[in-house]
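A short worksheet on the structure shown next.
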Amino acid sequence: MKKGTITAFVQNQNTVLTRLMALLAKHQFQIESLWVGCTEVEDVSKVTVIVKEETGHKFRQLVKQVEKQIEVLFVMEGTDLQVVEEQFELIKAHNSAKVLVHLKE
Amino acid sequence: MEAKEALAILSILATEEVTGNGEDLFIQSLKQEGVEILFGYPGGAVLGIYDALYKSPIKHILARHEQGAIHAAEGYARVSGKPGVVLATSGPGATNLVTGIADAMMDSLPLVIFTGQVASHVLGTDAFQEADVVGMTTPITKHNYQVKKIGDLPRIMKEAFHIASTGRPGPVLVDIPKDLAADPAVPLLKIEVDLPGYQPLSDSDPLHVKHLMEALGNSSKPLILAGAGVLHAKASEELLLFSERYNLPVAHTLLGLGGFPAEHPLFLGMAGMHGCYTANMAISECDLLINIGARFDDRLTGNLASFAPFAKVAHIDIDPSEIGKNVETHLPVAGDAKAVLTAILNQRAKNQDLQSWLEHLENYKRDYPYWHTETEEFLSPQRLIELVHKHTNGDAIVTTDVGQHQMWAAQYYAFSRPNRWVTSGGLGTMGFGFPAAIGAQLAEPEAAVVSLAGDGGFQMTLQELILLKEWNLPVKVLIVNNGSLGMVRQWQETFYGKRFSQSVFSLQPDFLKLAESYGIKAYRISTEQEAETLFGEVLSDREPVLIDCRVNPAENVYPMVAPGKGLHEMIGVKT
Ligand SMILES: Cc1ncc(C[n+]2csc(CCOP(=O)(O)OP(=O)(O)O)c2C)c(N)n1
Ligand SMILES: [Mg+2]
């Protein structure tokens with residue numbers, strides 16, 4: 001089965017992980033792996049989830065739902081780590097969550 | 001303390017009463033948000049807040065159950081467009097709110113809910129009246145918070161009101177540990193909302209609007225499906241202009257009713273499971289379906305495999321995650337309904353000749369309207385709704401519970417303007433209607449408010465009757481009394497071999513005596529003539545009244561799209 005990867009940069013709030021996990025459960029995704037870690041930007045964490053993607057449609061719905069969460073600054077789907085890193089370099093360069101506003105759009 | 005903070009405090013000291021702690025800060029923040037009414041219930045964890053309220057001019061409605069408080073706040077929000085504000089204590093106070101929170105989430109109602117919590121140092125110890133309210137409400141809130149230090153409270157409150165009432169509205173919960181609220185604190189002015197991850201859409205992509213206009217120019221069977229998004233965006237006028245400019249017929253979802261005037265020749269009626277034949281056939285036959293602010297709920301679409309089979313689907317929605325969720329969408333337009341409609345009105349589409357399409361729909365309307373039979377023996381519930389319409393000039397705020405009476409109200413009370421219709425759509429919450437009517441009446445003290453309650457649903461929240469007396473709210477409570485959980489009984493009759501398992505009440509309370517014990521006038525009617533006479537006398541009164549309307553207990557709601565069937569396969573259509 002194809003796998004889906006979502007990487008989300010989130011504001012550090014203790015409820016954010018609960019929210020993301022609740023979403024995954026609600027949409028019946030099985031988590032293959034989950035990484036959560038600090039970033040060099042204060043108050044911003046990076047969450048990467050790999051799920052057993054069931055259908056393209058269902059996975060896209062999940063991405064949209066993740067994007068919708070208030071603490072989620074920016075979401076990348078897919079495994080293109082280079083793109084993820086590039087986006088993050090931008091964030092670091094500004095050292096601010098605010099630039100993510102533009103990225104998220 | 002930072003210099004900026006100190007300055008802000010000084011400026012407050014200059015203008016406002018010097019205040020002492022988090023509880024006062026709480027009241028001050030409410031005032032800054034323009035909150036006039038709180039719906040709540042006190043308890044240990046919010047005693048301090050209630051103490052601060054004691055001195056405050058904010059009106060507090062003491063419901064008799066937290067569920068009543070939150071449904072009232074929902075009714076208030078639905079009618080006023082402003083956030084309904086709820087306050088409850090920790091543990092059982094908070095858990096009693098859960099139904100209302102889920103209801104508001106489903107129907108996109110702006111609520112700000114404050115719950116007390118046990119003191120921070122005992123959090124996680126299963127302390128008295130501790131419940132993980134943030135955990136349990138995470139999936140049913142647009143957002144929620146637990147306050148960690150009192151200095152954060154003004155910012156969190158500001159954000160909570162902002163998040164609840166912007167974008168796609170929804171409930172936001174703020175959990176406040178008891179000790180924090182009592183901490184010494186100083187008020188802060190000038191808090192700016194800074195939520196980089198929350199950027200509600202307003203304007204849409206001009207290219208998407210252009211594509212929609214092109215599709216419209218090429219369509220010979222277009223249809224608008226308008227949902228509650230139109231009401232939330234206050235876009236009824238724009239909808240009317242759009243429809244009239246291109247002669248576009250309009251169907252409503254259950255929650256959208258009132259967004260487009262029911263008496264308008266281009267209005268087809270409600271679509272969906274108990275919608276009208278014309279609206280459902282229009283969806284099934286149209287070649288362009290323009291969904292404005294509806295979420296293609298399964299009660300609306302019926303079997304998705306045969307939903308709008310010939311249509312290009314356009315979907316205008318402020319929440320991008322709704323677009324393409326249930327129905328494949330060819331023309332997505334993410335944006336606020338009012339902004340998008342305004343953009344649409346600023347453009348021109350090629351005008352198509354829609355004459356034969358409109359005539360075709362007109363024939364459906366003439367041949368297959370809603371229908372019901374009337375008997376000598378019983379008052380027909382459909383006729384009852386028509387009479388309510390007549391005696392309130394079609395302009396009352398109507399609230400309902402969930403079930404048959406709700407569907408009859410949607411079918412027979414023709415709403416001609418927005419925000420008159422208050423019903424629980426997405427969650428389908430029995431017991432919603434009566435407390436919601438209380439909130440609606442508080443939002444519009446001058447309006448005629450009719451609570452059409454199921455005899456089942458009313459018994460779930462009837463304890464709020466006392467509020468009518470206490471606040472002198474002239475709500476008219478009409479119990480559509482069919483002696484049963486009618487909608488359950490109907491399904492059992494139709495799909496479960498008439499095995500009426502637990503759906504027919506063997507015993508009912510005497511609703512008149514009940515009302516009288518609350519000091520409310522009450523009547524019983526069981527014929528059309530009695531209804532005519534009584535409604536003429538009491539529906540325009542400025543006093544509350546309860547009317548036990550004994551209707552035909554065997555009546556069913558038709559037409560209907562049976563479960564698993566497509567919209568074009570309605571049963572019980574007029575023959
Ligand atoms: C809280 C809740 N419990 C159960 C249901 C399931 N249900 C849907 S309609 C209905 C019957 C409602 O009876 P009543 O309020 O008398 O309305 P009627 O259908 O008779 O008009 C029931 C039990 C529900 N919608 N909400
Ligand atoms: Mg009933």
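For the numbers below, each heavy atom of this structure counts, side chains included, while hydrogens, waters and symmetry mates do not. Chain identifiers are assigned alphabetically (A, B, ...) following the order of the sequence lines, protein sequences preceding nucleic acid strands; residue numbering begins at 1 within each chain.
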Problem set entry | Structural part of B:Ile163 lying under 4.5 Å from a heavy atom of chain A | side chain
Exercise. Under 6.0 Å from the NZ atom of B:Lys338, do we count more than 12 heavy atoms belonging to anything else shown?
Worked result: yes
Seminar exercise, completed: Separation between CD (A:Gln61) and OG (B:Ser321), nearest 0.5 Å, reads 7.0 Å
Exercise. Can you tell me how far CD of A:Gln13 sits from OH of B:Tyr145, rounded to the nearest 0.5 angstrom?
Worked result: 6.5 Å
For this session: Kindly say whether B:Asn326 contributes a backbone atom to a donor-acceptor pair with the side chain of A:His57 at under 3.5 angstrom?
Result: no
Problem set entry | Spatial distance of atom CG (A:Leu23) from atom OG1 (B:Thr138) [nearest 0.5 Å] | 10.0 Å
Exercise. Ignoring hydrogens and geometry, is there a side-chain-to-backbone donor-acceptor pair from A:Lys68 to B:Asp319 under 3.5 Å?
Worked result: no
Exercise. So do B:Pro196 and A:Gln11 actually touch side chain to side chain, heavy atoms under 4.5 Å?
Worked result: yes
Problem set entry | Flag side-chain contact, heavy atom, 4.5 Å: A:Arg60 against B:Lys325 | no
For this session: Could you pull out the closest heavy-atom pair between B:Gly197 and A:Leu73, with the gap in Å?
Result: N-CD2, 3.7 Å
For this session: Look at atom NZ of B:Lys210 and say whether more than 12 heavy atoms of other residues, nucleotides or ligands are closer to it than 6.0 Å.
Result: no
For this session: Against chain A, label B:Asn144 side chain, backbone, both or neither, depending on which of its atoms sit under 4.5 Å from a heavy atom there.
Result: both
Problem set entry | Best-contacting candidate, B:Lys142, B:Gln146, B:Glu328, against chain A by heavy atom pairs under 4.5 angstrom | B:Lys142
For this session: Please indicate whether B:Arg155 has more than 12 foreign heavy atoms, meaning atoms of other residues, nucleotides or ligands, lying under 6.0 Å from its CZ.
Result: yes
Problem set entry | Any donor-acceptor pair under 3.5 Å from A:Lys64 side chain to B:Glu322 backbone | no
Seminar exercise, completed: Distance col, row A:Ile70:CD1 vs B:Glu159:CD, nearest 0.5 angstrom, shows 9.0 Å
Exercise. Is there side-chain contact between A:Arg19 and B:Thr141, with heavy atoms separated by less than 4.5 Å?
Worked result: yes
For this session: Output the option from B:Gly167, B:Gly135, B:Pro139, B:Gly324 having the highest count of non-hydrogen pairs under 4.5 Å with chain A.
Result: B:Gly324
